[in-house]
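Structure first, commentary second.
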Amino acid sequence: MNNPILRPESVSQLLEHAQELAGLPLAALAHNLNQPVPDNLRRDKGWIGQLLELSLGASAGSKPEQDFPELGVELKTIPLDAAARPLETTFVCVAPLLNIAGLSWETSNVRNKLSRVLWIPVIGERDMPPGERLIGQPLLWTPNEEEEWLLRQDWEEIMELISLGRVQEITARHGQALQLRPKAANGRALTDAIGPDGNYIQTRPRGFYLKTSFTAALLARHFML
DNA sequence: GAGTGATCATCT
DNA sequence: AGATGATCACTC
C-alpha cells in the first residue's frame, strides 16, 4: 500500500501510486484509510471519488481548480461495467451563465480541467456493493487533436447559446462529447442567467458533463493500444 | 448559493 | 437498456 496523505511530488509518482491500487477492492482501500464503507451510494454519491482523493493525496476542498494544481492534473474516477463501458457521464465543472463576454475555449475551466486527467476506473455493476468494486488500471490522459476539437465545438456552441439568453433551450442532447445538464442540490436551487430578452432570469445551475460515448472512446483508444 | 465529489430515478 | 433531468453529502 502506498502512503496516503502525502501529496505526490511528481506526475510519475502520482501515477505509480495509482498503479499500486489497481486490482484492490474499494473496501480494502477504505479499511486502510480508516474510512467507512457504505452499503450503497444512494446517500454517498461522492464516496468513491473522495476515497481515491484521500488515497492519492489530492487536495480536498471546493475550489474550482485541478486536484493537483502543482502537477497540472485532474483526478477522475469513472465507473465501468464488466465490459469496460462507462456507467455514468463524467461531471467536469459548473457552467458560467453570467459575465461570459470575454470567455474563450483556451482559457475555459473545461479546457483547464481536461488538459490532463488521471482516470481511475472502478469496475462494478450498479447493483454491486461499493466495497466490492475493484480499482482498475489508471490512465493519464491528455485530449488528442480530435478530442480537443470535439470538446471545443461543443463548448463554443453551448456557450454561445448561453450568451444569447437561450440557456433554457439547451438540453443534454446538444453536443457530441460535452453536454450541459442541471447541477444542483435540488430543484429549488436557482441562479441568475441571461434571458431571451437580454434581461436576467432565474434558472437551475448547470454543469458540463462528458458523455459516456466520449469517455468510452478515450478509454478504448488507450487500453486497446 | 456555489463549488467539490458524483450517482440516482425516471422516461423514452 | 441507455440517456436525461434530478438529486445527495459536504465545505465555505
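In the text below, chain A, chain B and the rest are named by the order of the sequence lines, each starting its count at 1.
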Query - Rounded distance in Å - NZ (K211(A)) to P (dA3(C)) - result: 8 Å
Query raised in the report: For E74(A), which contact category applies under a 4.0 Å heavy-atom criterion: base, sugar-phosphate, or nothing?
Result: sugar-phosphate
Query - For the student: nearest non-hydrogen atoms of D81(A) and A83(A), plus distance - result: OD1-N, 2.8 Å
Query - Selected nucleotide, minimal atom distance to K113(A) side chain, candidates dA9(B), dA6(C), dT4(B) - result: dT4(B)
Query raised in the report: Between N40(A) and W47(A), which is nearer to the 5' end of DNA chain B once each is assigned its nearest nucleotide?
Result: W47(A)
Query raised in the report: Are any of the side-chain nitrogens in K113(A) or E65(A) under 4.0 Å away from the carboxylate oxygens of its partner?
Result: no
Query raised in the report: Rounded to the nearest 0.5 Å, what separation is found between the CG atom of L29(A) and the CZ atom of R133(A)?
Result: 14.5 Å
Report task. Remember a base hit wins even if backbone is also touched, and classify G46(A) as base, sugar-phosphate or nothing at under 4.0 Å, heavy atoms. Result -> base
Query - Length of the NE2-P vector between H174(A) and dT4(C), whole Å - result: 12 Å
Requested in this report: Answer yes or no: are there more than 12 heavy-atom neighbours, outside D39(A) itself, under 6.0 Å from its atom CG?
Outcome: no
Query raised in the report: Which part of the nucleic acid, if any, lies within reach of T212(A) when heavy atoms closer than 4.0 Å are counted: base, sugar-phosphate only, or nothing?
Result: sugar-phosphate
Query raised in the report: Can you tell me how far C1' of dG5(B) sits from CD1 of I48(A), to the nearest Å?
Result: 11 Å
Query raised in the report: Within the structure, does a side-chain N or O atom of R173(A) lie under 4.0 Å from either OP1 or OP2 of dG5(C)?
Result: yes
Query raised in the report: In terms of the nearest nucleotide of DNA chain C, which residue is placed more toward the 5' end: Q179(A) or N186(A)?
Result: Q179(A)
Report task. Identify whether any heavy atom of R188(A) sits under 4.0 Å from a base atom; if not, whether one sits that close to sugar-phosphate; answer base, sugar-phosphate or nothing. Result -> sugar-phosphate
Report task. Would you kindly compare K45(A) and T89(A) by the position of their nearest DNA chain C nucleotide and give the one closer to the 5′ end? Result -> T89(A)
Report task. Establish whether the base of dC10(C) is bridged to the side chain of Q50(A) by a donor-acceptor pair shorter than 3.5 Å. Result -> no
Requested in this report: Send over the distance from D127(A) CG to dA9(B) P, rounded to a whole Å.
Outcome: 14 Å
Query raised in the report: If you pin R181(A) and E65(A) to their nearest nucleotides in DNA chain B, which one's is more 5'?
Result: E65(A)
**Report entry** Options dT4(B), dG5(C), dC8(C), nucleotide nearest the side-chain atoms of R43(A)
**Finding:** dC8(C)
**Report entry** Atom-pair distance (CG on L54(A); P on dT11(C)), nearest Å
**Finding:** 14 Å
Requested in this report: Calculate the interatomic distance between E53(A) atom CD and dT11(C) atom P; express it in whole Å.
Outcome: 13 Å
Query raised in the report: Once you round it to whole Å, what is the distance between C1' of dG3(B) and CZ of F91(A)?
Result: 8 Å
Requested in this report: Using modelled atom types only, decide if a donor and an acceptor are shared between the side chain of E132(A) and the backbone of P129(A) within a distance under 3.5 Å.
Outcome: no
Query raised in the report: Tell me: CZ of F208(A) to P of dG5(C), nearest whole Å?
Result: 15 Å
Report task. Give L87(A) one of three labels, base, sugar-phosphate or nothing, depending on what nucleic acid heavy atoms sit under 4.0 Å from its own. Result -> nothing
Query raised in the report: Should we say atom CG of N199(A) is surrounded by more than 12 heavy atoms from elsewhere, each under 6.0 Å from it?
Result: yes
Query raised in the report: Does the base of dA6(B) carry an N or O that pairs as donor and acceptor with the side chain of Y209(A) under 3.5 Å?
Result: yes
Requested in this report: Describe the nucleic acid contact of R204(A) in one word from base, sugar-phosphate, nothing, applying a heavy-atom distance below 4.0 Å.
Outcome: base
Requested in this report: Kindly say whether, by distance alone, the side chain of K183(A) makes a donor-acceptor pair under 3.5 Å with the base of dT7(C)?
Outcome: no
